[in-house]
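First up is the structure itself, then whatever we jot down about it.
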Amino acid sequence: MKVTIDGFPIEVEAGTTILNAARMIGGDIVPPAMCYYSKLEGTGGKCRTCLVQVSKGSEKDPRPMPKLVASCRTTVMDGMEVKNITSPEVIEARKGVVEMLLINHPLDCPVCDQAGECHLQDLGYEHGAAKTRYEFDRRTFEKIDIGDKIQLHMTRCILCYRCVFVADQITDHRIHGILNRGDHSEISTYIQKAVDNDFSGNVIDVCPVGALTDKTFRFKNRVWFTKPVEAHRDCETEKCGGKVTLWYKGEDVIRVTARKDEYGEAEEFICNTCRFDKKRTSDWVIEGPRKVSHKSVINSNHYDTLHPLPVVKTNPVLIEANKEQFERETRL
Amino acid sequence: MARKLLLEHINVPGINTFDVYRSKGGYAAVEKALKTLSPDDVVEEVKKSGLRGRGGAGFPTGMKWSFLAKPEGVERYLVCNADESEPGTFKDRYLMTYIPHLLIEGMIVASYALGAKTSYIYVRGEMMPQIRILEKAIAEAKNKGFLGKNILGTGYDLELYVQPGGGAYICGEETALLESLEGKRGNPRIKPPFPAIAGLYGCPTVVNNVESIAAVVPIINEGGDEYAKLGIGRSTGTKLISAGGNLRKPGVYEIDLGLPVEEFLYSDEYCGGIANGKRLKAVVAGGSSVPILPANLFLKTINNEPRLMSYESLADGGFVSGTMMGSGGFIAYDEDQCIVRNTWNFARFYHHESCGQCSPCREGTGWMEKVLHRLEYGHGKMSDMDLLVDVAKKIEGNTICPLGDAAAWPVASAIRHFRDEFEWHVTHPNEATTRNFGIAHYADPLPKLEEAAS
C-alpha cells in the first residue's frame, strides 16, 4: 500500500498505522506520541498529540477525512495522503493539546528525575507556548505509596494508560489502574496495595513523564550528568533478556533501564532484579557507550572533555546547534 | 390534534401491565413481524420509514441495521441505550415508566430483525424504579410466551436482560456503554472498528435509543411507507420532546416532526407558552449539548422563515445561527434567566462527566468550568470570552468521543449569541451577582439580511 505523508511516499503493509508509516520515513514528519507504545497492544488514541490531517482518504475514496485523526490508531489505505507538519490545522490542534496537557502539570522539572528524558518536555519545547493562559490552582492529589521501588507522582501524570497496559500485558497480574473520572482520574492501587511483581519496574520505562520514577535513583543525579552504557547479563528470570542501559556517575552504576529506541520505547522489557538489584559493574558485561541523539540534553555530558565549551562564534558544534534552533523556530 | 403513535394509550389506566397493553393492540407488531415477515423485511420496512436515531445524532436507524456485519457462527447483539442522562431530556424515562411494554415489544421486533438471540437494555443507574418496572414487564412477557424459547411457536428464541449502569453520562456513548456492559471501566472505544463490526464482546452489535426501538412498533404495525408520510422531508414520523424550563406546561409531548416551533411553544395543546406571563429569552432545543439560541433566532431562521421542529430546520444556519434536534430535551429560558450561569452549569456538568481518557476533554472541560465560574461570580476579565472560544475550539473535534464536542458547543454558542451578557458580567461585577441581565435585544425581530456584495 502506498501512503504519502507530508509529500514523502512510502510503501507499507496493509494494517500499518499512519504513525508507524511515518516512523518508517523518519525525520521531522513523525508525529509525537505520548500514549502510543508500539510494544504494548491497545495503547494509543488517548493523548491526541499525534493528530494528523488526512487530505485524501484513499485511491478508491479520495474524500478527505472530516476531522483530524489520531495517527497512532488509524490504519493506512492505499493512496492515502496525510498532512502532518505541513498542515496548519494540525499544528494548531497539537499546540492546543500540548497546552491542555500542561495546564495541570506541576512543571516541577527542576526537581523531577525525568527531566532531560521527558517526552512532555520535548513536546512543550517543540509545540508549547512560553506562557500559560491558565490562571487557576493546578490539580493535586493525595499522595499514595505504591511500594519501595517505584515512586508515583500523580500530579505529573498525563493519563496515557501505558503503565496499565504494561501491568496487563507484561506482568502476570495488575493491581493498579485508573480510579475516578475526568480530571480527577488518577493512577492508583486498589486499597493502597504495593505494586510488586517481577516486571513491575517497566512502568517506569514506559512512563512518558515523571509520574513513575525509580526510587533507587530518586534525587541521585540529573540524567545529563550520567553516562549511559550498554550492557547485558544472563538473567535467570524467565522472559527477561537482560539487555540494559547502565547509567554511570563516575565509577558507580546509579541506574539501570531498558534500552530505548529513538522514540523512547524500550526495545526489550527487563525484570526487576536487573533494574533494581544489579548495580555493580561486575554484574554486567559492558558492550560500549550508548549512542545518544545529538539533540538530547544527555549528550551535553561529554565523555572526553570536561572543559567548558568555547564560545559560539568559534565552536562548530554550537554554531550547528544554533542554526538548527533557528531553523526550527522559523520553520512555521 | 396530531395523531400519537407512541403515546396513544399512555393515559389508559394500567397500561404498564401486560394484559391492558395487549388489549389495546399491544404485541401485534411482534405477531406480525415474527409470523409474516422475514428479518430482512423488517429491516426494509424500517429503512422505508426513514426513522432517524432518536438519541441525538439522528443517524437513520434502518441504515444502521443494514450495516450490521453478519458473519456465520458469531452472535449478534442488540443493545438498547436507556442511559438517558442529557440535562433536559427525560423522554425515555417517561416511556419506560408508563408504557414499558412498548419498549419490550420494540426490542423483540428489532432483535428479530437483526437476528440477535440475546439483547440488553442498559438503563442508567439512577433509574432504579424504571429498572424494576422493566424487569416486571419482561417477566410478564416471558410468562405469556413473547420472550424466551420458541416465541409464539415461530422457533425464534430471545432472552432480554436489563443491565443497570453506574450512573455515568459517558456510558450513553455507545462504545462506552458496551465497555460498561462488559463490566469494564466506561471509557469510549477508539473507532474504527465500529460496533456494527465489533461491539459487545467483540461481536457485531447495534446500539439504539429507547425511542428509536419503540418507534419500530408503529412502523411494523402500519408499514414503513405509512410512517414516512408523517413528518417533513427527511425528518419522518413523530418525536418525543421533553419540554422543560420556564414553560406553562412542561412535560413530554409527542409531536409530528415539522411542527412549527412557535406552535409547539405557545399553543395550548403543547407547552402553552412561557410561565408567569414572561417573555422567552433563549432556548436549548435538543438537550444541553446542542447550541443555545436566543429567542429571535430560535423562532425564525436567519432568512426570516419560521423554524420547524425537524432535524433539518433546527439545524438551518449551521453553528452560526442554527442548533440541533439532539435528543429532544427542549429547555426554555424566560427573561429572568442568566445565560452565563446556565452556561457555567452546563460546563460544570461536562467537567464532572468527562471520562478523563483523552487530554483535550479531560483538561479543557475543567478549564472552561473554572473560567465560567469566575465570570458568573464577577471576577471575570474581558479576555475570558476569547479564551473560552479558543479552548472550546481546541476541544471540539479533537476528542475520541462526541462528549468533547458536546462540552464545547454550548459554551461556544452561548458566547456567540450572548456575548453582551458575558461582557456585562465583567463590566458590572457587583450588579451581576444581584440581578440578571434581562431579555435585552434577544427577542427583537431579526434585522433584514443584507444582500451580499456581488
Side-chain angles (χ1 to χ4, degrees), chain A residues 17 34-36 42-53 65-70 72-75 77 89-90 92-105 120 123 132-139 157-161 164 177-187, chain B residues 166-171 175-176 184-193 348-371 373-374 379-381 383-384 386-388 390-405 407-408:
Chain A
T17 58
M34 298 293 284
C35 65
Y36 173 75
T43 48
K46 297 184 182 0
C47 70
R48 318 307 283 180
T49 54
C50 69
L51 290 174
V52 293
Q53 189 184 28
M65 291 193 187
K67 287 201 241 172
L68 303 182
V69 297
C72 60
R73 288 296 289 261
T74 310
T75 48
M77 307 288 259
E89 289 114 86
V90 170
E92 192 58 26
R94 194 167 292 154
K95 239 172 132 174
V97 173
V98 175
E99 185 176 24
M100 299 287 184
L101 285 175
L102 287 172
I103 59 171
N104 275 314
H105 192 78
L120 193 58
L123 202 62
T132 180
R133 297 186 286 169
Y134 188 73
E135 294 160 320
F136 305 93
D137 288 343
R138 282 159 200 261
R139 162 186 73 214
C157 179
I158 60 159
L159 289 164
C160 67
Y161 285 62
V164 179
I178 312 276
L179 297 187
N180 301 332
R181 71 175 178 222
D183 60 3
H184 299 287
S185 324
E186 57 176 315
I187 297 285
Chain B
Y169 175 69
I170 189 62
C171 291
T175 52
K184 299 178 192 154
R185 185 184 159 84
N187 277 358
R189 293 178 187 166
I190 295 150
K191 285 164 275 188
R348 192 178 56 165
F349 174 79
Y350 288 110
H351 174 211
H352 184 68
E353 295 295 345
S354 168
C355 78
Q357 191 180 202
C358 57
S359 12
C361 170
R362 176 183 68 228
E363 309 290 353
T365 49
W367 193 0
M368 288 200 299
E369 193 225 312
K370 284 179 188 135
V371 175
H373 180 268
R374 177 165 82 182
H379 308 293
K381 292 187 277 189
S383 59
D384 282 354
D386 291 331
L387 176 69
L388 281 172
D390 193 56
V391 173
K393 208 176 82 196
K394 298 248 156 95
I395 300 174
E396 188 191 331
N398 292 340
T399 53
I400 293 174
C401 77
L403 191 137
D405 303 345

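What's counted below: heavy atoms across the whole structure, side chains too, no hydrogens, waters or symmetry copies. By convention in this document, chain letters (A, B, ...) are assigned in the order of the sequence lines, proteins followed by strands, and residues within each chain are numbered from 1.
Under the side chain to side chain contact (heavy atoms under 4.5 Å, CB included) criterion, B:D390 pairs with A:R133, B:K393, B:K394, sequence neighbours left out. Applying the side-chain hydrogen bond (donor to acceptor under 3.5 Å, both in side chains) rule to A:S185 yields no partners; only residues at least two apart in sequence or on another chain are considered.
When all heavy atoms are compared, the tightest approach of A:G44 to B:I190 is O-CD1, 3.2 Å.
In this structure the side chain of B:V391 reaches within 4.5 angstrom of the side chain of A:M100, judged on heavy atoms. A 4.5 Å side-chain heavy-atom check between A:L159 and B:Q357 finds every atom pair outside the cut-off. With contacts defined as side-chain heavy-atom distances shorter than 4.5 Å, the pair B:E363/A:H105 does not qualify. Under the 4.5 Å side-chain criterion, counting only non-hydrogen atoms from C-beta, A:N104 is not in contact with B:W367. A 4.5 Å side-chain heavy-atom check between A:L51 and B:N398 finds at least one atom pair inside the cut-off.
In this structure, chain B has heavy atoms under 4.5 Å from both the backbone and the side chain of A:E92. For chain B, the nearby part of A:L179 is the backbone; its heavy atoms alone come within less than 4.5 Å. No part of B:S383 comes within reach of chain A, as not one of its non-hydrogen atoms sits under 4.5 angstrom from that chain.
Using a distance-only test at 3.5 Å, with no hydrogens or angles considered, no donor-acceptor pair links the side chain of B:R362 to the main chain of A:G182. A donor-acceptor contact shorter than 3.5 Å is absent between the side chain of B:S359 and the backbone of A:L101.
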(message) Please determine whether salt bridge (charged side-chain N to carboxylate O under 4.0 Å, His left out) holds for the pair A:K67 and B:E396, giving the CA-CA distance in whole Å, both sets of side-chain angles, and the decisive distance to 0.1 Å.
(response) CA-CA 10 Å; A:K67 287 201 241 172; B:E396 188 191 331; over 6 Å; no

(request) Walk me through it: do A:R181 and B:H352 pass the test side-chain contact (heavy atoms from CB on, under 4.5 Å)? (result) CA-CA 8 Å; A:R181 71 175 178 222; B:H352 184 68; 3.3 Å; yes

(request) For the pair B:V371 and A:E135, evaluate side-chain contact (heavy atoms from CB on, under 4.5 Å) and give the outcome as yes or no after the intermediate values. (result) CA-CA 9 Å; B:V371 175; A:E135 294 160 320; over 6 Å; no

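For the set B:C361, B:G364, B:C355, the count of heavy-atom pairs under 4.5 angstrom toward chain A peaks at B:C355. Of the listed residues A:I158, A:T75, A:V97, A:T49, the one with more heavy-atom pairs under 4.5 angstrom with chain B than any other is A:I158. Of all the listed residues (B:K191, B:K370, B:H351), the one sharing the greatest number of non-hydrogen pairs under 4.5 Å with chain A is B:K370.
Counting non-hydrogen atoms of neighbouring residues, nucleotides and ligands closer than 6.0 angstrom, the CE atom of A:M77 reaches no more than 12 such neighbours.
Rounding to the nearest 0.5 angstrom, the gap separating the CZ atom in A:F136 from the NE2 atom in B:H373 is 9.5 Å. One distance of note links SG of B:C358 with NZ of A:K46; it measures 9.0 Å at 0.5 Å rounding.
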